[in-house]
Amino acid sequence: MFIKKTSPSLYKSLGVYLPLITTNCVVLNVCLVNISKAYDIPHMLIYTIGTPVGFALVLYIFSCIRERLDAADVPASFIGNPIALIVAGLMAMAFSGLGGIV
């Protein structure tokens, strides 16, 4: 969104590759965390598999909530991104409460 707003020509030229670039950054971050925390092989495998599974779970939950919000009676001032940001904040609070369990 930042690139789209500040440099529309760059956003248009990157096209479909922009999400791929951000995905590669996430993959690199998982590798760097594994190295910086000096995980052994079992911990590294659990972290490397758990990160995308958790991310996919959050995306699935958020998409289900967005579908239900489209059918719900939401006040006019909250339609679209405002209600999505509220839901994202609530999800962040819910998942941060689960942070100390594992």
Side-chain angles (χ1 to χ4, degrees):
M1 290 171 59
F2 177 76
I3 294 176
K4 186 177 183 179
K5 189 84 164 172
T6 58
S7 179
S9 61
L10 178 63
Y11 180 78
K12 189 177 272 187
S13 68
L14 288 175
V16 72
Y17 297 109
L18 190 59
L20 294 174
I21 292 168
T22 57
T23 305
N24 287 338
C25 292
V26 172
V27 170
L28 179 62
N29 182 45
V30 170
C31 296
L32 291 174
V33 167
N34 283 333
I35 292 169
S36 68
K37 294 196 178 203
Y39 286 149
D40 53 349
I41 297 294
H43 287 106
M44 179 195 62
L45 287 174
I46 290 171
Y47 183 78
T48 305
I49 293 170
T51 299
V53 168
F55 185 70
L57 177 68
V58 169
L59 284 178
Y60 175 73
I61 291 171
F62 196 76
S63 68
C64 290
I65 291 172
R66 288 292 297 250
E67 281 186 21
R68 293 195 64 181
L69 284 174
D70 288 340
D73 186 26
V74 179
S77 60
F78 288 117
I79 291 176
N81 286 335
I83 195 70
L85 291 173
I86 291 171
V87 170
L90 292 172
M91 283 180 58
M93 288 190 304
F95 281 108
S96 67
L98 300 172
I101 293 176
V102 177

- Query: Can you hop from Met44 to Val33 via hydrophobic side chains spaced under 4.5 Å?
  - Reply: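 They do share one cluster, since a chain of ILVMFWY contacts under 4.5 Å joins Met44 to Val33.
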How long is the gap from [atom1] on [X] to [atom2] on [Y], to the nearest 0.5 Å?
X	Y	atom1	atom2	answer
Asn34	Asn29	CG	CG	9.5 Å
Leu45	Ile49	CG	CD1	5.5 Å
Asp73	Ile79	CG	CD1	8.5 Å

- Query: Do the side chains of Ser13 and Leu10 get nearer than 4.5 Å, heavy atoms only?
  - Reply: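 In contact.
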- Item | Where at least one partner belongs to residues 23-42, residue pairs that pass ring pair (Phe, Tyr, Trp, His ring centres under 6.0 Å), sequence neighbours excluded |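 For residues 23-42, and leaving out neighbouring residues, the ring pair (Phe, Tyr, Trp, His ring centres under 6.0 Å) pairs sorted by first residue read Tyr39-Tyr47.
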- Task: Considering non-hydrogen atoms only, spot the tightest contact between Leu69 and Val87 and give its length.
- Result: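 Minimum heavy-atom contact is CD1-CG2, 3.7 Å.
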- Query: Which atom names give the shortest non-hydrogen contact between Ser77 and Pro82, and what distance separates them?
  - Reply: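 Looking at all heavy atoms of both residues, the closest pair is O-CG, 3.8 Å.
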For residues 53-67, tabulate all N or O donor-acceptor pairs below 3.5 Å that involve a side-chain atom, not counting sequence neighbours.
unit_1 : atom_1 : unit_2 : atom_2 : d
Ser63  : OG     : Leu59  : O      : 3.3
Ser63  : OG     : Tyr60  : O      : 2.8

- Item | Partner set under side chain to side chain contact (heavy atoms under 4.5 Å, CB included) for Asp40, not counting sequence neighbours |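 Residues passing side chain to side chain contact (heavy atoms under 4.5 Å, CB included) with Asp40: Pro42, His43.
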- Hey, is CD1 on Ile41 packed in by over 12 heavy atoms from elsewhere, all under 6.0 Å?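 Open.
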- Indicate yes or no for a side-chain donor-acceptor contact from Ser96 to the backbone of Met93 under 3.5 Å, with no hydrogens or angles considered.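 The answer is yes, because a donor-acceptor pair under 3.5 Å joins these two groups.
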